[in-house]
Amino acid sequence: MSEHYDVIIAGAGPAGAQCARDLAQRGYEVVVLEAEKEDGFPQQSNKSTAGTFSSMMAAFGIPDEVVMNYTDNVVLESPNEYFAKSQPGAVLEFADFKRFLVEDSREEGAEYWFGSRVAKPIMEHNDIVGVRYSGNQEVYGDIIIDATGPSAPLAKHLGVSDLKRENQAIGVEFEMEGIDIDPEGYADLTDAMMLRLDHDLAPGGYSWIFHTGEDTAKVGLCYIQNESHSDYAKEGMGIDDYLQYWLDNDPRFENAERIEGKQHRGSAHIQTPGALSTDNFMAIGDTVPTIDPLWGEGIHVGMKSARAAAITADRCFMTTTPDTSADNMSIYDNLWHSNVAPDARMRLLMTQLLYLAENERYDTLIRDLKQLSHSTLANANNGQIRGMLKLIHKEDIPLLKRFIKERLPM
């Protein structure tokens, strides 16, 4: 094995594997360090969900073989209302999806070292030049990329990542069978992905049902343990208790059963990213998170960040003498803010405000969505002020005051 590579990537999740895929296609020497062992990769406990839209499938050449079910609609539910939007999508078999990205990048020439847990960066003259992994093992490279998600050992050491525990969303999901997909009084979830805003089920977060075919679906919820969770939480209940509470009280699950071995857990951060790069270094995927307020779409954003990092590395290597200085690596920052997650700050504010609202306000939101154009919804989800204002009522003034007070230092 070479001791020096053009690019070292920490983490073989969707972002890391896609970045390796793009770079290997360009002919660069790439190695990916992955903490999990190759046998059984990826672990079934890893976060799943994996709902995405057709744009991601087409942009990254994802094959049908990793799709559990193609969907036609996205549904938003509140405690007493629902809104359906025509939006073609796909529910992925997440493990197969991750394995495809690894194998496809391997075919392009990328190396994978499984069972290699990244510990910390190797520094020379205050610049990262390599990675220490699995104890005292070392590997060197011209560009280092952290795609390890919330753990972010390299990004944190370099001061690039500042992921805070109070912004961490935790989630749990079961794959289930025997679900009533189209019961009376609820939205028809046949070939649909559904997100539900309801503090009774997920205080300070949301829950979901993603149809995976016939009477099967992925069912889960997530929330942030912040002030909104504190307001609405039930005493003594953890995330597993909330999911079981939902299963026990929703008639769609009356005859449903969990599919053995299909339980997933995960976490992500809902906060604005700080820095994204520095000398010889970039952070991608959930290491520098972003989220669409209504649809999530974390996979697509992570994949786009991977591609932006690959484009940046390519440009850095194009010159006669490769230039991986912070100034040149900032190309990635520009691509991230313009193409990966534009208006990220406004979208985050909308997400935080959404989770702070009361259940009754969720019912009003769904009624508003039924009256407004789909373009208004898209504009609001993209963080555009004009679209967001159309969803604000004068009755929201107390909520907005509370929102501002909790986020401004005294």
Side-chain angles (χ1 to χ4, degrees), residues 49 51 74-84 166-176 178-189 192-211 217-258 263-268 270 291 293-296 350-370 391 393 395-396 398-399 402-403 406:
T49 309
V74 172
V75 174
L76 278 179
E77 284 188 1
S78 64
N80 300 292
E81 303 280 350
Y82 64 82
F83 166 76
E166 60 265 27
N167 296 322
Q168 185 179 26
I170 57 173
V172 60
E173 176 187 82
F174 297 155
E175 294 186 38
M176 306 190 70
I179 296 172
D180 188 350
I181 295 298
D182 186 19
E184 184 177 353
Y186 289 85
D188 181 1
L189 299 185
M193 292 185 282
M194 182 278 281
L195 300 174
R196 184 179 179 95
L197 296 166
D198 186 343
H199 291 301
D200 187 47
L201 306 178
Y206 61 93
S207 55
W208 63 84
I209 300 173
F210 286 1
H211 187 210
K218 296 185 178 189
V219 180
L221 60 84
C222 72
Y223 55 72
I224 308 172
Q225 291 179 296
N226 56 15
E227 66 277 5
S228 184
H229 178 270
S230 299
D231 286 348
Y232 300 109
K234 298 178 177 66
E235 186 175 356
M237 288 183 64
I239 193 161
D240 291 88
D241 302 310
Y242 283 111
L243 183 51
Q244 190 59 53
Y245 174 79
W246 186 23
L247 297 177
D248 290 341
N249 289 280
D250 192 314
R252 289 174 287 196
F253 307 125
E254 183 177 357
N255 299 309
E257 295 181 355
R258 292 167 52 181
Q263 176 176 306
H264 313 282
R265 298 181 184 275
S267 65
I270 300 179
I291 187 170
L294 295 177
W295 310 134
M350 182 178 172
T351 302
Q352 294 174 328
L353 183 60
L354 193 66
Y355 295 161
L356 194 62
E358 297 180 351
N359 270 2
E360 293 78 7
R361 185 61 181 85
Y362 291 151
D363 286 337
T364 303
L365 172 65
I366 299 302
R367 287 192 291 268
D368 287 346
L369 295 179
K370 292 177 181 179
L391 297 175
H393 293 213
E395 291 82 5
D396 295 326
L399 173 64
R402 177 189 172 191
F403 179 75
E406 291 179 350

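What you are looking at is a predicted structure, and each value in this text was computed from that prediction instead of being measured.
Heavy atoms only, all atoms of each residue included: Y206 and L197 are closest at CB-CD2, 4.0 Å. Nearest approach of A256 to I179, heavy atoms of both residues: CB-CG1, 3.8 Å. Between C222 and G171, the closest heavy-atom pair is CB-CA, 3.7 Å.
The stretch residues 238-249 participates, sequence neighbours left out, in these salt bridge (Lys or Arg N to Asp or Glu O under 4.0 Å) pairs: D240-R265.
Distance CG/L247 to CD/E257: 12.0 Å, rounded to 0.5 Å. For the atom pair CG (D198) and CG (D250), the distance works out to 9.5 Å, reported to the nearest 0.5 Å. Considering CG of D188 and NE2 of H211, their distance stands at 9.5 Å, rounded to 0.5 Å. Between I209 atom CD1 and I181 atom CD1 the span is 7.0 Å, to the nearest 0.5 Å. Atom CG in L365 sits 13.5 Å away from atom CD in E360 (nearest 0.5 Å). Residue E77 holds its CD atom at 9.0 Å from OH of Y82, rounded to the nearest 0.5 Å.
Ring orientation note: the planes of H199 and Y362 are tilted relative to one another, at an angle of 30° to 60°.
The side-chain contact (heavy atoms from CB on, under 4.5 Å) test with S207 is passed by exactly one of M194, E173, R196: R196. Here the rule is side-chain contact (heavy atoms from CB on, under 4.5 Å) with E175, and of Q263, K218, R258 only K218 fits it.
Residues D363 and P79 are in side-chain contact: their nearest non-hydrogen atoms beyond the backbone lie under 4.5 Å apart. No side-chain heavy atom of D180 sits less than 4.5 Å from a side-chain heavy atom of Y186. In this structure, the side chains of Y223 and I170 come closer than 4.5 Å at one or more pairs of heavy atoms. Between W246 and V219 there is a side-chain heavy-atom pair separated by less than 4.5 Å. Residues I239 and L221 are in side-chain contact: their nearest non-hydrogen atoms beyond the backbone lie under 4.5 Å apart. Residues W208 and V75 form no side-chain contact, since every pair of their non-hydrogen atoms from C-beta on lies 4.5 Å or further apart.
Using modelled atom types and a 3.5 Å distance limit, the side chains of Y245 and D200 yield a donor-acceptor pair.
Heavy atoms from other residues, nucleotides or ligands lying under 6.0 Å from CD of E254 number 12 at most.
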Between F210 and L195, does the side-chain contact (heavy atoms from CB on, under 4.5 Å) criterion hold? Intermediate values first, please.
CA-CA 8 Å; F210 286 1; L195 300 174; 4.0 Å; yes
